[in-house]
Protein chains: 2
Amino acid sequence: MLDYKLLAALAAVVEQAGFERAAQVLGLSQSAVSQRIKLLEARVGQPVLVRALPPVPTEIGRRLLNHVQQVRLLERDIQAQVPGLDEGGPPERLRIALNADSLATWWAQAVGGFCTEQGLLLELLVEDQDVGLKRMRAGEVAACVCGSERPVAGARALLLGSMRYRALASPGFIARYFPRGVTAAELAQAPAIVFGPDDLLQHRYLSALGVEGGFAYHLCPSSEGFVRLAEAGLGWGLMPELQVQEELAAGRLCELLPERPLDVPLYWHHWRSGGELLGALTQHLQRHAAAGLVAAKR
Amino acid sequence: MLDYKLLAALAAVVEQAGFERAAQVLGLSQSAVSQRIKLLEARVGQPVLVRALPPVPTEIGRRLLNHVQQVRLLERDIQAQVPGLDEGGPPERLRIALNADSLATWWAQAVGGFCTEQGLLLELLVEDQDVGLKRMRAGEVAACVCGSERPVAGARALLLGSMRYRALASPGFIARYFPRGVTAAELAQAPAIVFGPDDLLQHRYLSALGVEGGFAYHLCPSSEGFVRLAEAGLGWGLMPELQVQEELAAGRLCELLPERPLDVPLYWHHWRSGGELLGALTQHLQRHAAAGLVAAKR
DNA sequence: TCGAGCAAATCAGTTCTCCTAATGAGTAAT
DNA sequence: ATTACTCATTAGGAGAACTGATTTGCTCGA
């Protein structure tokens, strides 16, 4: 059997993004962590971490990490079966990566019941679009919600449905930039709002409209803030329908190009050997995610 | 994370059926094994082994064992991915329980290619009929072939096909016991051959013919021996069609009741979280087991 | 009822793993 | 340069865990 003390150290270093913090989490000294990693590398015969800021697992390291992730999921099952095996440590949370918009809209509704029922704690990591898959590949998370269809090795991807985005702006903004109605070319000239550097929604929307080249945009890495900026007339942006129903109804935001929504399919990626709990969560999502999403068309 | 040194000790004790032998396998003293088990029980808060001959895992113990089994399967995958992680120990074999008749007939053909391709070593445990499932439940084996449809918790059962048995005896035996032809009632009076105490084939065959009550039988726990006994005229028995084609063709064995074969469905039980190797083996079997089996009808 | 034989538990002593603490070295920002 | 930060290295020591010897407990057979 592998030495899981060493693997746990590797996992802690990557998850905590540093030896020092990893040591704290493990209840050890920084030195001990360093030694464990070194010993692990000696056993494996090659480095498992690239010493950078933050430390990044090597190819081998990633494989080991996602093995650890899978074993942890199995352990979760058995700890549910065998009382008094809780290790005394803090109750482990299930780490899941998802995109900010999902978290801001349908996620809580969809998983709320399951978590209270099962007494399950989550550790949610917000990641733009497809970056969550990287975490998955590195074995840092048990599952993720993202836009990529292709599962990583050892995992499965399940289509949950699509999130419908609409291009919105405040009435004042529209009056100012589009006095003669909205056209694709003009849209590219008006300032936009973009969630983060990895957020390519607006880019995709514009290129779907046939507009090439760059455009000016604000960066605002907060879902709520995003809506507030749009309301304040700073720019136009693509917002999840679900999140802005009130603003639309009250007329604080208006649609630029009606009947041109953007549907973004969302996939649930989860380890194939994820144990019963993750399996149950997957089933639950399959049934309850649809409520907040539109049926996907490809 | 659980302490896998302790769990490995538990597994060794159960698999080797004793502390002493477990110690040898682990490269430790008997004393050390005893202490590990005790420590494990202290952690868990209750006994994991019933001290008997051989030691038997408790309910909790079985759950732990089959967790170990699943983790081992995952480790096998990663060891294939990460060279130089072989632990130096002896190459771990994949433990599989199956019934003697399968081993005597189609098994080798079905898995031969896969094993050589993948460089996979097997440790086969021969178990009568459904006893293999117990090994599965105890986490002692990674998979098993048996007649039960119902999978163990955490595992899947896959119908492979049916084995066709025919009731056969030597010409001399038939002439002696059934001079006027074979009838069900007379069959129950003639001595039978039964594989082992758990082998209920003949019982089922007779009760399917409407015969109630006991009958006289030899016990012979060897597939080859079984056929030899029948050839020698010691009794009649149900033999896999596959195994006795030569004897039938040569006239050394004859069918008692033509057109009354007994088809026994066989299922492949494997852990759901068994990793890629076990998954691949399962697929392989699904494709190649059929060759030696008749399509199952229910 | 009593030993013989065997398996596991216990105990005392020792080994050696693994940790801590202090220090050193490399890198980036000030 | 200096400071701040992170990780590596080293020596030394605590204690976990192993070994070997012995005891306990059980099962048979006489």
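Labels below follow one simple rule: chain letters A, B, ... track the order of the sequence lines, proteins then strands, and each chain is numbered from 1.
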Verify whether the ring centers belonging to A:Phe195 and A:His218 lie closer than 6.0 Å. no
Rounding to a whole Å, what distance do you find between A:Leu10:CG and D:dC7:C1'? 15 Å
Heavy-atom pair of closest approach, residues A:Val194 and A:Asp199: CG1-O, 3.7 Å
D:dA17 C1' sits how many Å from B:Ile37 CD1, rounded? 15 Å
Return the value, rounded to whole Å, for the distance between atom CD of B:Gln35 and atom C1' of D:dA16. 10 Å
Closest to side chain of B:Ser31, choosing from D:dC18, C:dC19, D:dA21: D:dA21
For a quick check of understanding: with a heavy-atom distance under 4.0 Å over all strands, which category does A:Leu28 fall into, base, sugar-phosphate or nothing? sugar-phosphate
What is the distance from atom CG of A:Leu94 to atom SG of A:Cys115, rounded to the nearest 0.5 Å? 8.5 Å
So how far is it from A:His269 NE2 to A:Ile96 CD1, rounded to the nearest 0.5 Å? 13.0 Å
Look at A:Arg51 and C:dG26 and indicate whether a side-chain polar atom (N or O) is within less than 4.0 Å of OP1 or OP2. no
Is the phosphate of C:dC19 approached by A:Arg36 (side-chain N or O, under 4.0 Å from OP1 or OP2)? yes
note: A:Phe19, atom CZ; D:dT9, atom P; distance rounded to Å ~ 10 Å
Between C1' of D:dC7 and CD of A:Gln30, the distance in whole Å: 6 Å
Please compare B:Pro55 and A:Leu39 by the position of their nearest nucleotide in DNA chain C and report the one closer to 5'. B:Pro55
Just the rounded figure in Å: distance from C1' of D:dA8 to CD of A:Glu20. 13 Å
Return the value, rounded to whole Å, for the distance between atom CG of B:Leu6 and atom C1' of D:dC18. 14 Å
Closest to the A:Lys38 side chain: C:dA9, D:dT9, C:dC19? D:dT9
Touch class at under 4.0 angstrom, heavy-atom based, for B:Lys5 against every strand present: nothing
Roughly how many Å is it from CZ in B:Arg43 to P in D:dA16, rounded to a whole number? 10 Å
Does A:Arg76 CZ have over 12 foreign heavy atoms under 6.0 Å away? yes
